[in-house]
Amino acid sequence: QVQLVESGGGLVQVGGSLRLSCVASGNIARLNRMGWYRQAPGKQRELVAVTNGDGSINYADAVQGRFTVSRENAKKTVALQMNSLKAEDTGVYYCNAVGFTFENVGYQKPFDSWGQGTQVTVSS
């Protein structure tokens, strides 16, 4: 029911920058967690940066100081500014959102939705 659409991926040289955006749509009652994960070829999907319902932010150690995640609750969007990109940042980046959707009157349904992913390739 909740759809996430990512944009902003592409090709960039080592040391360059990219900005990813994600927009959530659907009958959303509450967004708790929203952020970004990535998956490199042959590796498990891993957390990149997430914003939590309490306002806290978690960054992967590998991106700390280089990436910045920002969230606009009213627009149901989350962005990831990626600076000083490295070759190891290459992968498919996925938007994730967790919260509740409206169902019948007096009832909400939890959701955990993922976008289709956007490719980020960092080359030298």
Side-chain angles (χ1 to χ4, degrees):
Q1 187 172 352
V2 176
Q3 298 182 30
L4 304 176
V5 179
E6 304 103 332
S7 62
L11 296 170
V12 65
Q13 291 185 330
V14 171
S17 298
L18 282 175
R19 184 177 179 87
L20 307 182
S21 295
C22 173
V23 180
S25 62
N27 200 15
I28 300 171
R30 180 183 178 89
L31 277 172
N32 291 335
R33 189 180 73 215
M34 198 172 188
W36 295 90
Y37 293 72
R38 69 186 180 188
Q39 187 168 19
K43 298 186 65 177
Q44 298 265 49
R45 187 175 299 185
E46 64 180 1
L47 182 149
V48 177
V50 296
T51 63
N52 303 302
D54 63 0
S56 63
I57 300 173
N58 295 328
Y59 289 100
D61 290 342
V63 308
Q64 182 72 45
R66 299 187 298 118
F67 291 10
T68 302
V69 64
S70 58
R71 174 172 166 177
E72 295 186 25
N73 289 328
K75 297 181 179 179
K76 298 180 177 63
T77 62
V78 64
L80 184 69
Q81 179 67 46
M82 305 185 293
N83 299 324
S84 301
L85 283 162
K86 304 175 180 179
E88 52 263 41
D89 294 319
T90 293
V92 179
Y93 284 67
Y94 297 91
C95 182
N96 173 245
V98 176
F100 293 86
T101 57
F102 290 110
E103 294 295 320
N104 296 327
V105 175
Y107 182 78
Q108 296 180 352
K109 181 180 180 180
F111 74 88
D112 185 346
S113 295
W114 295 85
Q116 80 286 351
T118 185
Q119 177 70 43
V120 172
T121 303
V122 185
S123 65
S124 58

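Just so it is clear, the values below take in all heavy atoms, side chains as well, and ignore hydrogens, waters and symmetry mates.
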**Asked** With no hydrogens and no angle check, is any side-chain donor or acceptor of Asn58 less than 3.5 Å from a backbone partner on Thr51?
**Response** no
- Query: With distance as the sole test, does Thr118 use its side chain to make a donor-acceptor pair with the main-chain N or O of Ser7 at under 3.5 Å?
  - Reply: no
Would you list the atom pairs, donor with acceptor, under 3.5 Å between side chains in residues 21-28 and any protein atom, with sequence neighbours excluded?
none

* **Trace of the side-chain contact (heavy atoms from CB on, under 4.5 Å) decision for Leu80 with Val78** => CA-CA 7 Å; Leu80 184 69; Val78 64; over 6 Å; no
What closest approach, in Å, do [X] and [Y] show between heavy atoms, and which atom pair accounts for it?
| X | Y | answer |
| --- | --- | --- |
| Asp112 | Arg33 | OD2-NH2, 4.4 Å |
| Glu6 | Cys95 | OE2-N, 2.8 Å |
| Ala97 | Leu4 | N-CD1, 3.6 Å |
| Gln116 | Val5 | OE1-CA, 4.0 Å |
| Ser17 | Ser84 | OG-N, 4.3 Å |

Decide whether [X] and [Y] are clustered together by the hydrophobic rule: side chain heavy atoms of Ile, Leu, Val, Met, Phe, Trp, Tyr closer than 4.5 Å, transitively.
| X | Y | result |
| --- | --- | --- |
| Val63 | Val14 | yes |
| Leu11 | Tyr93 | no |
| Val98 | Val69 | no |
| Leu20 | Val12 | yes |

d(Thr68 OG1, Met82 CE) to nearest 0.5 Å is 11.5 Å
In this structure, OG of Ser123 is separated from CG of Leu85 (nearest 0.5 Å) by 10.5 Å
Q. Would you find more than 12 non-hydrogen atoms of other residues, nucleotides or ligands less than 6.0 Å from Glu88 atom CD?
A. yes
Requested in this report: Check the surroundings of atom CD in Gln119: do more than 12 heavy atoms from other residues, nucleotides or ligands lie under 6.0 Å from it?
Outcome: yes
Residues joined to Val92 in its hydrophobic cluster, side chain to side chain under 4.5 Å directly or through other members, sorted by chain and number, are Tyr37, Leu47, Val50, Tyr94, Trp114
Just list the side-chain donor-acceptor pairs under 3.5 Å for residues 100-109, sequence neighbours left out, or say none.
unit_1: Thr101; atom_1: OG1; unit_2: Glu103; atom_2: OE2; d: 3.4
unit_1: Thr101; atom_1: OG1; unit_2: Lys109; atom_2: O; d: 3.2

- prompt: Given Phe111 and Asn32, is the side-chain contact (heavy atoms from CB on, under 4.5 Å) satisfied, shown in steps?
  reply: CA-CA 10 Å; Phe111 74 88; Asn32 291 335; over 6 Å; no
Those residues at least two apart in sequence (or on a different chain) that pass salt bridge (Lys or Arg N to Asp or Glu O under 4.0 Å) with Arg66 are Asp89
Residues at least two apart in sequence or cross-chain that pass salt bridge (Lys or Arg N to Asp or Glu O under 4.0 Å) with Lys43, listed by chain then number, are none
In short, salt bridge (charged side-chain N to carboxylate O under 4.0 Å, His left out) pairs touching residues 44-55 with sequence neighbours left out are Arg38-Glu46
